[in-house]
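Structure first, commentary second.
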There are 2 protein chains.
Amino acid sequence: MSCANHLADSLRERGFRMTPQRLAIMHVLYASPKHLSPAQVFDQVRGTVPGVTETTVYRTLEFLSEHGLVRPIHLGSGHPVYEIREHDHHHLVCRDCGGTVEVENSLFKTLYVQLEAATGFQLAGNHLSLFGLCPDCQRE
Amino acid sequence: MSCANHLADSLRERGFRMTPQRLAIMHVLYASPKHLSPAQVFDQVRGTVPGVTETTVYRTLEFLSEHGLVRPIHLGSGHPVYEIREHDHHHLVCRDCGGTVEVENSLFKTLYVQLEAATGFQLAGNHLSLFGLCPDCQRE
DNA sequence: TACTTATTGAGAAAAACTTGCAATAAGGAT
DNA sequence: ATCCTTATTGCAAGTTTTTCTCAATAAGTA
Ligand SMILES: [Zn+2]
Ligand SMILES: [Zn+2]
Ligand SMILES: [Zn+2]
Ligand SMILES: [Zn+2]
């Protein structure tokens with residue numbers, strides 16, 4: 001798998017090491033269409049890496065977050081979930097059913113420019129969760 | 001205090017009761033210039049309501065959230081914090097120093113309209129935390 | 001005052017997350 | 001191939017955060 005090699009190299013360049021645990025956790029997140037909690041990652045990873053611990057999952061998710069490979073996000077549950085950090089996007093989250101929809105970054109561009117001008121903040125690389133009611137849940 | 005009476009009435013109308021605990025928790029949040037964690041609320045409330053428990057703080061914050069009096073928000077720590085639900089606004093949160101800036105809802109209006117048109121979601125009453133770098137932390 | 005029941009306190013328990021340290025093993029050097 | 005350094009893991013214990021149960025309390029109504 002060339003993707004894994006590429007990742008391994010990028011870690012080694014920075015003095016870190018590639019391990020079966022890290023690879024498995026990345027795989028689980030890549031394979032998942034949606035965000036996973038540490039517990040969910042652990043459940044899936046333990047199938048392929050015998051003996052892996054929750055501790056390692058927590059540590060690895062933090063490690064990967066720090067180095068920009070995954071992204072911790074908040075969907076209102078109070079606990080962070082993680083996803084692979086690929087294209088920039090945001091989420092609409094339904095308050096009622098919890099369903100999520102991804103929206104592209106482009107729509108936010110003008111807002112960002114305005115906010116940056118008004119506040120001096122630098123807002124690149126954001127990942128937002130906007131809460132509301134999905135079309136289905138509005139019919140109630 | 002007329003504000004408290006008003007609140008009490010609004011609860012009673014819906015079949016709920018006003019209690020010293022609920023009043024104290026509302027007071028703490030009103031008095032605070034910023035968001036408070038359940039633990040912080042508990043710390044302050046225990047001074048004025050002897051015997052109050054953390055359980056009650058958790059329950060009350062959820063109760064007040066459900067009925068639109070307070071708002072749980074996420075600032076990236078992984079744990080929700082709470083604030084009085086007054087005017088609609090959003091936050092810019094500095095990734096580095098944790099500093100926050102409030103921004104008015106008006107700038108978001110056009111984005112919301114676009115998003116609602118594109119997805120069918122209904123996004124009113126939102127409260128966002130946009131992360132980035134504050135002006136001070138950009139000089140590093 | 002008495003009655004109904006929403007709400008609380010107490011304690012236990014579950015869930016989420018962290019810490020310290022010895023054992024393991026990844027990657028580079030020999 | 002083998003050795004070395006040290007990043008990383010597993011293990012076990014501990015801490016923090018949050019939830020649950022249930023009997024006791026007290027808010028609001030009549
Ligand atoms: Zn996402
Ligand atoms: Zn929905
Ligand atoms: Zn706010
Ligand atoms: Zn800052």
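By convention in this document, chain letters (A, B, ...) are assigned in the order of the sequence lines, proteins followed by strands, and residues within each chain are numbered from 1.
- Axis angle between the ends of the helix from C/dT1-D/dA30 to C/dT30-D/dA1, five pairs each and rounded to 10 degrees, works out to 40°.
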Classify every nucleotide of nucleotides 23-30 of chain D by which part a protein heavy atom approaches to under 4.0 Å, writing B for the base, S for the sugar-phosphate alone and - for neither, in 5'-to-3' order.
-> ---BBS--
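- Candidate nucleotides C/dC17, D/dT9, C/dT8 were compared by shortest atom distance to the side chain of B/R59, and C/dT8 ranks first.
- Contact annotation: B/Q21 side-chain N/O to C/dG9 OP1/OP2 distance is under 4.0 Å.
- Not counting sequence neighbours, the partners of B/T19 by the side-chain hydrogen bond (donor to acceptor under 3.5 Å, both in side chains) test are B/Q21.
- The CZ-C1' distance, from A/F42 to C/dC17, rounds to 14 Å in whole Å.
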In residues 32-42 of chain A, what donor-acceptor pairs under 3.5 Å come from side-chain atoms, sequence neighbours left out?
unit_1	atom_1	unit_2	atom_2	d
A/S32	OG	A/K34	N	3.1
A/S32	OG	A/K34	O	2.5
A/H35	ND1	A/E83	OE1	2.6
A/H35	NE2	A/H91	ND1	3.1
A/H35	NE2	A/H91	NE2	3.4
A/S37	OG	A/Q40	N	3.1
A/S37	OG	A/Q40	OE1	3.3
A/Q40	OE1	A/S37	N	2.8

Identify all side-chain donor-acceptor contacts of residues 55-63 of chain B below 3.5 Å with residues at least two apart in sequence or on another chain.
unit_1	atom_1	unit_2	atom_2	d
B/T56	OG1	B/T53	OG1	3.1
B/T60	OG1	B/T56	O	2.7

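- Rounded to an integer number of Å, the gap from A/M26 CE to D/dT8 P is 14 Å.
- For residues 5-20 of chain A, the set of pairs meeting the salt bridge (charged side-chain N to carboxylate O under 4.0 Å, His left out) definition, not counting sequence neighbours, comprises A/D9-A/R12.
- In this structure, A/T56 and B/T55 both approach DNA chain D, and ranking their closest nucleotides by distance from the 5' end singles out A/T56.
- A/Y82 has its OH atom 11 Å from the C1' atom of C/dA16, to the nearest Å.
- Using a 4.5 Å cut-off on side-chain heavy atoms (C-beta onward), A/P80 and A/I73 make no contact.
- Near DNA chain C, defined here as any heavy-atom distance below 4.0 Å, the residues from residues 47-54 of chain B are B/G51, B/V52, B/T53, listed numerically.
- One atom, CG of B/L36, and another, P of D/dT17, lie 14 Å apart when rounded to the nearest Å.
- B/T48 meets the side chain to side chain contact (heavy atoms under 4.5 Å, CB included) test with B/A24; sequence neighbours excluded.
- Following rounding to the nearest Å, A/H67 (NE2) and D/dA7 (C1') show an atom-to-atom distance of 12 Å.
- For A/D136, the side-chain hydrogen bond (donor to acceptor under 3.5 Å, both in side chains) criterion is met by A/R139, not counting sequence neighbours.
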Side-chain donor-acceptor pairs under 3.5 Å in residues 101-110 of chain A, sequence neighbours left out?
unit_1	atom_1	unit_2	atom_2	d
A/E102	OE1	A/H87	NE2	3.2
A/N105	ND2	A/H90	NE2	3.4

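- B/L23 and B/Y30 fall within a single hydrophobic cluster, where Ile, Leu, Val, Met, Phe, Trp and Tyr side chains are chained together by heavy-atom contacts under 4.5 Å.
- With B/H127 contributing its side chain and B/H89 its backbone, the two residues share a donor-acceptor pair below 3.5 Å.
- In this entry the distance linking CG of B/L11 with C1' of C/dT7 reads 12 Å, nearest Å.
- Rounding to whole angstrom units, CG of residue B/L61 and P of D/dT19 are separated by 11 Å.
- The NE2-P distance, from A/H79 to D/dT17, rounds to 12 Å in whole Å.
- Between B/N5 and B/M18, the closest side-chain pair of non-hydrogen atoms is not below 4.5 Å.
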